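Counting starts at 1 for both ligands and their atoms, in listed order. Only a predicted model underlies this, so the values are computations on that prediction, with no experimental measurement involved.
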Amino acid sequence: MIYLDNNATAPLHPAARQAWLEAADQFVGNPSSPHRIGARAEAALARAREELAAHLGCDPFDLVWTSGATEASNSVFHHLSRIASPDAEVWISAVEHPCVLEAARYWFSKCRFIPVNANGQVKIDWLEAQLQKQRPALVAVMAANNETGVLQPWKQVHELCRRFGVLYFCDAVQWVGKLPGVGLGEIDFVSGSAHKFGGPKGVGFLKCNDGRFHPLLRGGLQEEGRRAGTENVPGILAMVAALRAREPFAAGSVLLDRLEWRAAVERELVRQIPGTEIVAEQAERLWNTICALMPQTECQGRWVVKLDRHGVAVSTGSACASGKEEPSHVLRAMGMTAEQAGRAIRFSSSWETTREEWEGALAAAARVQSSLAGITSG
Ligand code: PLP
């Protein structure tokens, strides 16, 4: 099977597996316990915190371990709802992941969407003009989009927020482990998730620089009172080990190779399957993500099912088979019609994906196209 759904979740990296097993054996104590066995686990967590802080460029104290990015997002909006005035607004980009969109809507009654252009990038001019008139409690703009791979101008957003004295939350889930983390640590709130870059599922982090953080989870003084619950020591050490394994790739020449591979696959996809369109083709995008609008068929869900039968796992934003899911809000925000959004499929590779696998995926796509063309004409 060729696995091209790494933006949904990536397989466990061998270094992460090794770190998890070693930690489960060596750090058996509860990091909060007063004895030496507990202290050893606490010391291992402190080392992991320092390593992640160095990767992001922040103070180790600013990092809170979480169960993943969904918890981190909810924690941010919950905290803000406790410190902001009752009529405060939060502004979130129209292409955020549901864990940001829905957390914002749940904790705040006034949410405004920051519009994106046809390439899916937030309109910086719009944001600047609005900030001149009004200051929200928070601006949330992700680093890289999970559906399209489009990179957001998060450094510019950060600069604007700093200039206008507004807090900034950046969901960096799809960025961390794929691109260098430098600079993220300067942002007020940043979330990350281990299972997107080869760490285990159910572990992540929140970077927050507010020492008076109001915890979402209560019932313990762990994480300096910012998140109750015994820390997942093996999971955290495995997450940091996965990131360590990714770092040389994300900063090196391999990155350029992967961008070239992506461009070559896109060219072939369009050549072999006429009518295919690459979403945000001209925008800066993650090296691993191709979102393509496939030629019209009666149900684009067929593409995913048929590619699966041909041994290729990909993903789609909406599923017409269920008849319930809405077309992708990300593609709709970029100005696509529901019909166009319904034709999107996403190929997302990992650092381990080979050229041969990409070629295999292309060949499978061409076979699916022939079979669908047969159905349409037959
Ligand atoms: N943010 C983005 C951009 C994502 O792609 C995902 C996962 O799909 C999440 C947040 C949620 O992460 P987690 O699975 O750690 O809750």
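Remark: minimum distance from atom 15 (O) of ligand 1 to any protein heavy atom is reached at Ser193 OG, 2.6 Å. Residue, atom and distance of the protein heavy atom nearest to atom 14 (O) of ligand 1 are His195 NE2, 2.9 Å. With respect to atom 5 (O) of ligand 1, the closest heavy atom belonging to the protein is Gln174 NE2, 2.8 Å. Considering only non-hydrogen protein atoms, atom 1 (N) of ligand 1 sits nearest to Asp171 OD2, 2.6 Å. Of the protein's non-hydrogen atoms, His97 CD2, 3.2 Å is the one closest to atom 4 (C) of ligand 1.
For Glu71, no heavy-atom contact with ligand 1 is shorter than 4.0 Å. When non-hydrogen atoms are compared, ligand 1 lies under 4.0 Å from the side chain of Met142 (C-beta onward) but not from its backbone. If you look at Thr70 next to ligand 1, the close heavy atoms, those under 4.0 Å, come from the backbone and the side chain alike. By the criterion of a heavy-atom distance under 4.0 Å, both the backbone and the side chain of Ala69 are placed next to ligand 1.
Checked against the 6.0 Å centroid criterion, the rings of Phe205 and Trp65 do not qualify as a close aromatic pair. Aromatic rings from Trp287 and Trp261 are positioned such that their centres are separated by 6.0 Å or more.
Applying the ring pair (Phe, Tyr, Trp, His ring centres under 6.0 Å) rule to Phe108 yields no partners; only residues at least two apart in sequence or on another chain are considered. Looking at residues two or more places apart in sequence or on another chain, you find no ring pair (Phe, Tyr, Trp, His ring centres under 6.0 Å) involving Trp20.
Atoms of ligand 1 found under 4.0 Å from any heavy atom of Cys99, numbered from 1 in the order shown, are 10 (C). Taking every non-hydrogen atom of Gly68 and a distance limit under 4.0 Å, the qualifying atoms of ligand 1 come out as 15 (O).
Counting heavy-atom neighbours within 6.0 Å of Arg36 CZ, excluding the residue itself, gives a total of 12 or less.
In this structure, Glu89 does not pair ionically with Arg135, as no charged nitrogen and carboxylate oxygen lie closer than 4.0 Å. In summary, Arg246 and Glu352 engage in a salt bridge, as defined by a charged side-chain N under 4.0 Å from a carboxylate O.
Heavy-atom separations between Lys196 and ligand 1 include at least one value shorter than 4.0 Å. Contact analysis leaves Glu96 out of contact with ligand 1, as no non-hydrogen atom separation drops below 4.0 angstrom. For Gly204, the heavy-atom gap to ligand 1 stays at 4.0 angstrom or more.
For the pair Arg105 and Phe113, the NZ or CZ position fails the cation-pi test of under 6.0 Å to the six-membered ring centre and within 45 degrees of the ring normal.
No donor-acceptor pair under 3.5 Å is formed between the side chain of Thr289 and the backbone N or O of Leu286.
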